[in-house]
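Whatever order the structure lists them in is the order used to number ligands and atoms, beginning at 1. Remember, it's a predicted structure, so these values are computed and weren't measured experimentally.
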Amino acid sequence: KFIIDIQNVYKFFHNVVALKNVSLQIKPKEKVVIIGPSGSGKSTLLRTINRLEKIDKGKIIVDGFDITDPKCDINKIRMEVGMVFQNFNLFPHKTVLQNITMAPIKLKKIPLKEANNIAFSLLKKVGIEDKAHVYPAQLSGGQQQRVAIARALAMKPKVMLFDEPTSALDPEMIGEVLEVMINLAHEGMTMVVVTHEMGFAREVADRVVFMDEGEILEVGSPEHFFMNP
Ligand code: ADP
Ligand code: ADP
């Protein structure tokens, strides 16, 4: 029984093949780290799992729903699959609290007060309860990324996708974001993470997927990839 079932997926950008016959099955609670050179399709693959990108061929089933079916409700996908981006993607004209409560209020019709309570408990979890009423620009990169994680978690997703979540951060802020991700992993969240942080992969990944030129070339344990022979 898989929570994510990616079957023979192709994605083209004009004449560029971004994904070439990609298949990957992920079990509930599994942590998968995707590695590979720049331009190998890692980001595109993640984006197909919550339909930020449509695929050209193949099928993707998330929690039993065929999300590549044009009739599939996109809001339902966005509720089940949380995503964290390299550049945080927070709404600049909304406070931290509003960033977190917006989607639960709009998409899940959660009352404001309850949404605020959820947001505060998530801010506590990511260690920045004192920042609820400031704007993203008033935060460090590490704090902004922790808000982005809290915002994704506010939808109570079944799966969390991370696209190079620490790549835009100053080195001293990487640890605080990885710590939140490691805690999430230990809580049993299903996670698919594109990252260059090999320490994170070693500590957290059940499987590491190596991509090149749009293809999955190798899948193995972190030991397989990162231990010296
Ligand atoms: P990675 O995340 O591994 O760096 P990407 O998934 O971003 O790779 O890109 C895979 C390939 O698809 C690259 O050749 C990239 O230039 C191309 N690509 C990605 N997004 C687009 C887009 N929106 N339009 C055109 N080409 C794209
Ligand atoms: P990433 O760090 O995720 O690889 P990029 O800097 O490659 O991001 O791309 C930023 C945005 O531009 C993404 O939304 C990606 O889909 C898009 N993009 C990437 N490559 C191309 C391309 N060759 N042409 C048009 N858009 C692209």
Is there a donor-acceptor pair under 3.5 Å between the side chain of Asn99 and the backbone N or O of Leu90?
no
Touching ligand 1 at all, Gly214? Heavy atoms, strictly under 4.0 Å?
no
So if I count the atoms of ligand 1 from 1 in the order they appear, which ones are less than 4.0 Å from some heavy atom of Ser43?
1 (P), 2 (O), 6 (O), 7 (O)
Ring of Phe120, cation from Lys124 - is the NZ or CZ under 6.0 Å from the centre and inside 45° of the axis?
no
Yes or no: does Gly41 have any heavy atom under 4.0 Å from an atom of ligand 1?
yes
Show me which atoms of ligand 1 lie under 4.0 Å from any heavy atom of Val16.
14 (O)
Within a distance under 4.0 Å of any heavy atom of Ser40, pick out the atoms of ligand 1 and give their elements.
1 (P), 3 (O), 8 (O)
Is it true that Lys20 and Glu213 make a salt bridge, defined as a side-chain N closer than 4.0 Å to a carboxylate O?
no
Could you measure the distance from the CG atom of Leu24 to the CD atom of Gln7? Nearest 0.5 Å is fine.
11.5 Å
Element-labelled atoms of ligand 1 that are located less than 4.0 Å from some non-hydrogen atom of Pro37:
3 (O)
Does the side chain of Met155 come within less than 4.5 Å of Pro104's, by heavy atoms?
yes
Does the N or O separation between Glu53 and ligand 1 drop below 3.5 Å for any pair?
no
When you look for heavy atoms under 4.0 Å from ligand 1, do you find them on the side chain of Thr44, its backbone, both, or neither?
both
Lys/Arg-Asp/Glu bridge criterion (N-O < 4.0 Å) met for Lys108, Glu114:
no
